[in-house]
Amino acid sequence: MDNIAIARVLREIADLLEIKNENPFKIRAYRNGADIASNHPHDLAALDETGLREIPGIGKDLAARIREIAETGDAGFHRELVAEFPPTILDLLNLQGVGPKTVATLYRELDIRTLDDLERAAQDGRIRALRGMGTKKEALILKALDERKRFAGRHLLPDAHDAAAALVSHLRERAPEAVVEPVGSLRRGCDTCGDLDLLACGAPPSLIDDFVEYRLVERVLGQGDTRSSVRLAGGFQADLRLVAADSRGAAMQYFTGSKAHNIALRDRAIGRGLKLNEYGLFRIGKETRVAGEREEDIYGALGLDWIPPELRELGGEIEAAEAHALPRLVDVADLRGDLHTHTTETDGKDDIRTMAEAAKAAGLEYIAVTDHSRSLAMANGLDERRALDHAARVRAIDAERIGVRLLAGIECDILPDGSLDLADDCLAALDLVVVSVHSAFNQDRQQMTDRILRAIEHPHVDIVGHLTGRKILRRPAYALDVEAVVDAAARHGVALEINCQVDRLDVNDVHARLARDRGVPLVISTDAHSRTAFGRLRWGVLIARRAWLEPANVLNTRPFDAFRASIRRNRRGAA
DNA sequence: GCCGTTTTCGGCCCGACTGTTTTCAGTCG
């Protein structure tokens with residue numbers, strides 16, 4: 001049982017307890033446990049009860065449940081709940097406007113167990129007959145059922161950025177005197193976004209009208225004096241909140257989240273006789289305001305350094321801020337090179353020189369040309385002869401000193417048995433070797449782990465590309481013991497890539513932070529297949545920032561010569 | 001269910017909006 005599977009059981013317990021109208025704090029404890037499990041870098045199944053209880057938020061009961069799930073695949077407590085309620089009713093919870101109380105009523109009064117049951121009941125007019133419900137609620141349910149079919153789930157980060165930017169500029173035109181900006185998961189740099197949260201400070205109330213009249217609004221979910229939610233064409237939900245200009249810092253803090261970070265911060269406020277909400281930080285009793293205009297002042301009044309949004313996930317940032325020990329996070333401007341690019345020699349769209357010029361225009365000092373190897377036939381992958389000829393062409397252009405330095409590299413396939421796709425003498429003759437998995441994704445966890453470990457042990461390997469193979473919103477990562485791979489990378493001085501393809505962002509923030517903690521160097525690379533792709537370094541940088549990476553943790557922040565000296569093949573005494 | 005420099009018991013984050021109600025419960029973020 002991996003952490004995701006453990007998290008799923010805990011989350012289902014929380015949802016079912018909520019439908020059962022149990023103690024809300026018990027529900028929160030389970031939900032918190034699920035969050036801890038899904039974000040924990042180590043396998044919880046490998047920890048004993050004592051080890052589990054050392055994790056804040058995991059106590060006696062949760063530790064026992066997690067052990068039980070790890071050993072048997074399920075928990076007796078979970079089975080008892082499922083016997084009480086059919087698990088299919090959890091689907092109902094995902095509908096906009098349907099919460100646990102409604103689900104419980106629907107099940108108790110009308111024996112509604114599935115989305116189909118619910119649709120029939122709404123169509124037959126049986127919902128409106130229930131106490132506390134009416135025709136509007138019934139219509140809302142039908143609407144939510146319809147939208148669920150069309151807009152499922154989350155969106156890629158860059159899509160969310162584009163949609164938010166267009167909406168922000170619409171609002172800024174209507175209220176030039178106001179400060180309008182994205183908050184929420186967008187500001188925290190999460191790798192997917194569920195909705196767009198926008199904050200407007202010092203705007204007239206009429207901005208709410210301008211918001212709901214935006215040309216892409218398909219449905220208004222709610223509209224009041226200070227906030228509104230809409231559904232946009234394309235599936236985004238957008239939320240706008242208005243506050244006075246002098247509450248901007250408090251509101252930004254509040255609406256940036258994360259939820260867990262905010263709860264911890266408000267808890268800290270209470271401990272100091274203060275109350276924190278979106279309008280400011282107040283002294284309880286006297287109701288005087290201590291801070292509110294600037295985020296820095298909110299954190300400062302709570303005895304903390306200002307915390308960058310990407311770190312606000314309750315992953316130790318509050319303790320670090322208290323100790324003045326927050327990292328100086330890596331920034332796009334720190335990056336000097338890109339170590340994963342393709343050309344027309346395999347499946348790229350542009351030739352070596354065009355890619356080099358584009359990298360230079362993007363402000364980079366060096367790139368590695370890393371076309372595919374032989375076994376990726378679909379991409380016209382290179383055999384040894386072509387790889388060396390291609391390397392000679394790369395070096396010839398580099399010798400012209402065109403303003404960006406070039407490394408002759410390869411993205412070499414890791415074959416299913418863990419051997420590499422090109423001969424050792426060829427790999428030894430290149431400047432940089434990135435190795436990646438492009439085949440046999442369905443190997444079991446042990447096979448895949450052994451496969452990648454074997455590749456890392458190969459003396460000519462410098463970097464592992466897109467380690468987990470995930471395609472965001474399309475396919476999950478393959479089964480892999482990431483911790484074992486990270487430890488091997490640390491032993492052999494191999495770097496891990498943060499791949500900037502917008503649907504990869506692989507490794508993710510959790511794994512990158514684990515790598516940092518174990519002393520594994522990282523690189524942030526575009527995997528560019530055309531001259532337009534260098535701009536996407538910014539997405540990888542967000543992952544790096546969420547992983548607490550400083551410039552020193554990222555090899556391609558170094559100048560060209562220092563970078564070359566830092567990769568495995570060029571280090572003295574490298575394994 | 002978790003937790004402890006007020007506490008091993010008694011706390012646990014906060015507010016806006018909607019619909020169905022005549023004062024509030026449910027949902028959401």
Side-chain angles (χ1 to χ4, degrees), chain A residues 10 13-14 17-19 21-36 52-66 75 77 92-106 127-141 143-144 183-186 188 193-199 208 212 220-230 237-243 247 250-251 253-282 284 302-303 314:
Chain A
L10 296 178
I13 290 175
L17 287 174
E18 199 164 23
I19 291 167
N21 200 20
E22 264 276 4
N23 175 358
F25 300 104
K26 184 171 171 178
I27 294 161
R28 182 197 288 177
Y30 274 99
R31 202 154 276 154
N32 188 36
D35 286 342
I36 289 168
L52 287 168
R53 292 197 61 178
E54 282 171 12
I55 301 170
I58 306 290
K60 182 166 171 287
D61 289 23
L62 276 173
R65 303 258 190 260
I66 291 171
F77 186 48
L92 309 182
L93 275 181
N94 293 326
L95 295 171
Q96 170 80 42
V98 178
K101 297 288 191 300
T102 307
V103 171
T105 306
L106 291 169
I127 306 287
R128 70 183 72 174
L130 295 174
R131 178 180 174 74
M133 314 240 185
T135 54
K136 284 192 174 175
K137 188 80 182 173
E138 197 170 77
L140 274 176
I141 285 175
K143 207 134 206 168
V183 287
S185 58
L186 217 48
R188 298 201 313 280
C193 282
D195 51 20
L196 311 175
D197 295 312
L198 304 181
L199 177 65
I208 294 284
V212 301
V220 178
L221 301 171
Q223 181 179 3
D225 294 336
T226 65
R227 73 175 295 167
S228 171
S229 297
V230 297
Q237 180 179 323
D239 300 322
L240 174 67
R241 183 65 192 263
L242 262 50
V243 299
S247 288
Q253 196 292 311
Y254 183 84
F255 291 109
T256 296
S258 65
K259 195 182 183 111
H261 175 90
N262 283 0
I263 288 175
L265 222 55
R266 267 170 258 149
D267 193 44
R268 188 179 175 89
I270 289 171
R272 292 163 182 247
L274 300 167
K275 183 177 77 162
L276 179 60
N277 59 27
E278 61 263 57
Y279 304 111
L281 185 63
F282 300 88
I284 295 172
L302 294 172
L314 201 61

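Below, read A as the first sequence line, B as the second, and so on, with proteins coming before strands; counting in each chain starts at 1.
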Asker: Between B:dT8 and B:dC3, how far apart are the two C1' atoms, rounded to whole Å?
Answerer: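 The answer is 9 Å between these two C1' atoms.
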Asker: Which is true for A:Leu95 with a 4.0 Å heavy-atom rule: it touches a base, it touches only sugar-phosphate, or it touches nothing?
Answerer: sugar-phosphate
Asker: Students often get this wrong, so: under 4.0 angstrom with heavy atoms, is A:Pro56 touching a base, only sugar-phosphate, or nothing?
Answerer: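 Sugar-phosphate contact only - A:Pro56 comes under 4.0 Å of backbone atoms but never of a base.
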Asker: Once you round it to whole Å, what is the distance between C1' of B:dG11 and NZ of A:Lys26?
Answerer: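 Distance check: A:Lys26 NZ to B:dG11 C1' gives 17 Å.
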Asker: Between B:dC12 and B:dA16, how far is it from one C1' atom to the other, in whole Å?
Answerer: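 My reading of the C1' atoms in B:dC12 and B:dA16 gives 22 Å.
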Asker: Classify A:Thr105 by what it touches in the nucleic acid, base, sugar-phosphate, or nothing, heavy-atom distance under 4.0 Å.
Answerer: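 Nothing, no nucleic acid heavy atom in range.
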Asker: Tell me: CD1 of A:Ile270 to C1' of B:dG10, nearest whole Å?
Answerer: 14 Å
Asker: What is the distance, rounded to the nearest whole Å, between atom CZ of A:Arg53 and atom P of B:dC2?
Answerer: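 Rounding to the nearest Å, CZ of A:Arg53 and P of B:dC2 are 8 Å apart.
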Asker: How would you label the contact of A:Arg131 with the nucleic acid (heavy atoms, under 4.0 Å): base, sugar-phosphate, or nothing?
Answerer: nothing
Asker: Output yes when at least one side-chain N/O atom of A:Gln237 is less than 4.0 Å from OP1 or OP2 of B:dG29, else no.
Answerer: yes
Asker: Would one find a side-chain N or O of A:Arg65 under 4.0 angstrom from OP1 or OP2 of B:dG1?
Answerer: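 Answer yes for this pair, as a side-chain N or O of A:Arg65 is under 4.0 Å from OP1 or OP2.
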Asker: I need the minimum non-hydrogen distance between A:Asp195 and A:Ser185, along with the two atoms involved.
Answerer: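 Scanning both residues completely, I find the closest heavy atoms to be O-OG, 4.4 Å.
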Asker: Measuring only the C1' atom in each nucleotide, how far is B:dG15 from B:dT22? A whole number of Å is fine.
Answerer: 22 Å
Asker: Look at the side chain of A:Leu140 and decide which nucleotide, out of B:dC2, B:dC12, B:dG19, has an atom nearest to it.
Answerer: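 Closest of the options to the side chain of A:Leu140: B:dG19.
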Asker: Going by distance alone, is a donor N or O of one side chain under 3.5 Å from an acceptor N or O of the other, for A:Tyr254 and A:Arg241?
Answerer: no
Asker: Indicate the atoms forming the closest heavy-atom contact of A:Asp225 with A:Ile208, along with that distance.
Answerer: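 So the minimum-distance heavy-atom pair works out to O-CG1, 3.8 Å.
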Asker: If you only use heavy atoms from C-beta on, which nucleotide in B:dT27, B:dC14, B:dG1 is closest to the side chain of A:Asn277?
Answerer: B:dC14
Asker: I want to confirm an ordering. Mapping A:Ala29 and A:Asn94 to their closest nucleotides on DNA chain B, which one lands closer to the 5' end?
Answerer: A:Ala29
Asker: How many Å lie between CD on A:Glu278 and C1' on B:dC28, as a whole number?
Answerer: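 Taking CD of A:Glu278 and C1' of B:dC28, I get 13 Å after rounding.
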Asker: Would you say A:Lys275 places a side-chain N or O within less than 4.0 Å of OP1 or OP2 belonging to B:dG15?
Answerer: yes
Asker: Between A:Lys60 and A:Arg53 (side chain of the first, backbone of the second, donor and acceptor by atom type, cut-off under 3.5 Å), is there such a pair?
Answerer: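 Such a contact is absent between A:Lys60 side chain and A:Arg53 backbone.
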Asker: Has A:Asp267 got a side-chain atom pairing as donor or acceptor with A:Ile270's backbone, closer than 3.5 angstrom?
Answerer: no
Asker: Need one value for A:Asn32: base, sugar-phosphate or nothing, where a base atom within 4.0 Å counts as base even if backbone is also close, heavy atoms only.
Answerer: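 If one applies the 4.0 Å heavy-atom cut-off, A:Asn32 turns out to touch nothing in the nucleic acid.
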Asker: Which nucleotide, B:dC2, B:dG19, B:dG29, lies nearest any side-chain atom of A:Lys137?
Answerer: B:dG19
Asker: Examine distances only and state if a side-chain atom of A:Ser247 and a backbone atom of A:Val243 form a donor-acceptor pair shorter than 3.5 Å.
Answerer: no
Asker: What integer distance in Å separates A:Leu62:CG from B:dC3:C1'?
Answerer: 13 Å
Asker: Under 3.5 Å for both donor-acceptor distances, Watson-Crick or wobble: does B:dA16 have a partner, and if so which one?
Answerer: B:dT27
Asker: Consider the side chain of A:Gln223, meaning its heavy atoms from C-beta on, and name the nucleotide among B:dC12, B:dT18, B:dA16 that approaches it most closely.
Answerer: B:dT18
Asker: Quick one: A:Glu22 CD to B:dC12 P, roughly how many Å, whole number?
Answerer: 19 Å
Asker: Base, sugar-phosphate or nothing for A:Lys259? Non-hydrogen atoms, less than 4.0 Å.
Answerer: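 A:Lys259: base contact, heavy atoms under 4.0 Å.
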Asker: Could you tell me whether A:Arg31 and A:Glu18 have a side-chain N and a carboxylate O separated by less than 4.0 Å?
Answerer: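 Judged by the 4.0 Å cut-off on N to carboxylate O distance, A:Arg31 and A:Glu18 do form a salt bridge.
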Asker: Between the side chain of A:Gln223 and the main-chain N/O of A:Ser228, is any donor-acceptor distance below 3.5 Å?
Answerer: no
Asker: Between P on B:dC3 and CD1 on A:Ile55, what's the gap in Å once rounded to a whole number?
Answerer: 11 Å
Asker: Of the options B:dG15, B:dG19, B:dC12, whose atoms approach the side-chain atoms of A:Lys136 most closely?
Answerer: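 The closest nucleotide is B:dG19.
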Asker: So which nucleotide from B:dA16, B:dG29, B:dC2 ends up closest to the side chain of A:Asp239?
Answerer: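 Among B:dA16, B:dG29, B:dC2, the one nearest the side chain of A:Asp239 is B:dG29.
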Asker: With distance as the sole criterion, do the side chain of A:Asp195 and the base of B:dG29 form a donor-acceptor contact below 3.5 Å?
Answerer: no
Asker: Which comes earlier along DNA chain B counting from the 5' end, the contact point of A:Phe255 or that of A:Ala63, where each point is its nearest nucleotide?
Answerer: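 Looking at the nearest nucleotide for each, A:Ala63 comes out on the 5' side.
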Asker: Strictly below 4.0 Å: does A:Tyr279 bring a side-chain N or O up to OP1 or OP2 of B:dA16?
Answerer: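 Yes, because at least one side-chain N or O of A:Tyr279 sits under 4.0 Å from OP1 or OP2 of B:dA16.
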Asker: What is the distance, rounded to the nearest whole Å, between atom CG of A:Leu276 and atom P of B:dG29?
Answerer: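 Value for this atom pair: 20 Å.
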Asker: Work out how far the C1' atom of B:dT6 is from that of B:dG11, and round it to whole angstrom.
Answerer: 11 Å
Asker: I'd like the C1' distance from B:dC17 over to B:dT21, given in whole Å.
Answerer: 15 Å
Asker: When you check the phosphate oxygens OP1 and OP2 of B:dT27, does a side-chain N or O of A:Thr102 lie under 4.0 Å from one of them?
Answerer: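 So the side chain of A:Thr102 is within the cut-off, an N or O lying under 4.0 Å from OP1 or OP2 of B:dT27.
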Asker: Of the candidate nucleotides B:dG29, B:dG1, B:dC12, which contains the atom at the shortest distance from the side chain of A:Asp61?
Answerer: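 Minimum distance to the A:Asp61 side chain belongs to B:dG1.
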Asker: Go through B:dT20, B:dC12, B:dG29 for me and flag the one nearest to the A:Tyr254 side chain.
Answerer: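 Nearest to the side chain of A:Tyr254 among the choices is B:dG29.
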